[in-house]
Amino acid sequence: MEALILFPAIDLKNGQCVRLKQGDMEQATIFNDDPAAQAATFEAQGFKWLHVVDLDGAFAGKPMNAEAVEAILKRVTFPVQLGGGIRDMRTVEGWLEKGIARVIIGTAAVRDPGFVREAAKAFPGKVAVGIDARDGFVAVEGWAETSALAADDLGRRFEDAGVAAIIYTDIARDGMLQGINWEGTIGLANALSIPVIASGGLASMADIERLCAPDAAILEGAITGRALYDGRIDPAAALARIAQASPGEQPT
């Protein structure tokens, strides 16, 4: 079994580190004016990856917080995955050249699946697909629109494309501290051969414990945001528990 990864999240809005509720830009809580400093804190706490989303970019369809992302990349050494506004090959290439370890394609995966295939082929292991679902159906354009496409059907489109991971978010739970949709997320992971990362609602140490349950071992890991910022999840305790559940891993 591969070691589970706990991804701390930095969501960028107007150059600041924020958290939203259910993707609502009007319900943004600012947690840090210096995203690079926040990223450095996460690295110092022992996290092995960082998850970053350009929220403004997701709505605009192009990068909007490039300066903040570049500052993060200059400040940390651990790998960073980035989503939000990545809609064409030029943007994919640009971010990978600047040091992003993995780009996340969301809206464009629905609108232009051929683009995902092209990117995944050109950059093996560096392209993930973000599936953000509302009631099981994929939402796009910064979650402003819900498509008629089921989440598992979208995942199956890329089974043979060389996609590195699926980041699956249950929008209803995102930022609400209600816990991950374990049934839907683990169900998706079991339906696909692509590794799945759980996102949306990781709320407490009880959720960390749930992540370490045998049936969740199929997941690559989970993303944590608001609960990490407000102290509901203790980084050291969470990482130690995950290491304990992952053979060959040692607590940080």
Worksheet entry | Distance-minimising heavy-atom pair for E159 and A191 | OE2-O, 4.0 Å
Worksheet item: Looking only at atom types and distance, does a side-chain atom of T185 sit under 3.5 Å from a main-chain N or O of N181, one as donor and one as acceptor?
Response: yes
Worksheet item: Do the side chains of I197 and I208 join up, straight or via other hydrophobic residues, at under 4.5 Å, putting them in one cluster?
Response: no
Discussion item. Using modelled atom types and a 3.5 Å cut-off, is there a donor and acceptor pairing between side-chain atoms of N190 and backbone atoms of I186?
Written reply: yes
Worksheet item: Quick one: which of V138, V116, I105 gives a side-chain contact (heavy atoms from CB on, under 4.5 Å) with V110?
Response: V138
Worksheet item: Does a salt bridge link E220 with R102, judged by any charged N lying under 4.0 Å from a carboxylate O?
Response: yes
Worksheet item: Passes salt bridge (Lys or Arg N to Asp or Glu O under 4.0 Å), D230 versus R226? Steps please.
Response: CA-CA 6 Å; D230 68 13; R226 184 176 291 270; 5.8 Å; no
Worksheet item: Can any side-chain N or O of R210 pair as donor or acceptor with the backbone N or O of G179 at less than 3.5 Å?
Response: no
Worksheet item: With distance as the sole test, does D54 use its side chain to make a donor-acceptor pair with the main-chain N or O of M64 at under 3.5 Å?
Response: yes
Fill in: Set of residues satisfying side-chain contact (heavy atoms from CB on, under 4.5 Å) with respect to K13, sequence neighbours excluded
V18, M25, A28, L55, D56
Worksheet item: When you check the gap from the basic side-chain N to the acidic O, do D207 and R232 get nearer than 4.0 Å?
Response: no
Worksheet item: Sub-3.5 Å donor-acceptor pair from the side chain of N14 to the main-chain atoms of Q16, do we have one?
Response: no
Worksheet item: Which pair of non-hydrogen atoms, one from I86 and one from F115, has the smallest distance, and what is that distance?
Response: O-CE2, 3.9 Å
Practice prompt. Please check if atom CG in D160 has more than 12 non-hydrogen atoms from other residues, nucleotides or ligands closer than 6.0 Å.
Written response: yes
Fill in: N65 side-chain N/O to A68 backbone N/O, donor-acceptor pair under 3.5 Å
no
Practice prompt. Ignoring hydrogens and angles, tell me if any N or O in the side chain of T169 forms a donor-acceptor pair with the backbone of I171 under 3.5 Å.
Written response: no
Discussion item. To check you understand the geometry: which heavy-atom pair defines the closest contact between I10 and F42, and what is its length?
Written reply: CG1-CE1, 3.9 Å
Worksheet item: What heavy-atom pair brings A9 and Y229 nearest, and what distance separates the two atoms?
Response: O-OH, 2.6 Å
Practice prompt. Give the minimum heavy-atom separation between Q81 and I223, together with the two atoms involved.
Written response: NE2-CD1, 4.2 Å
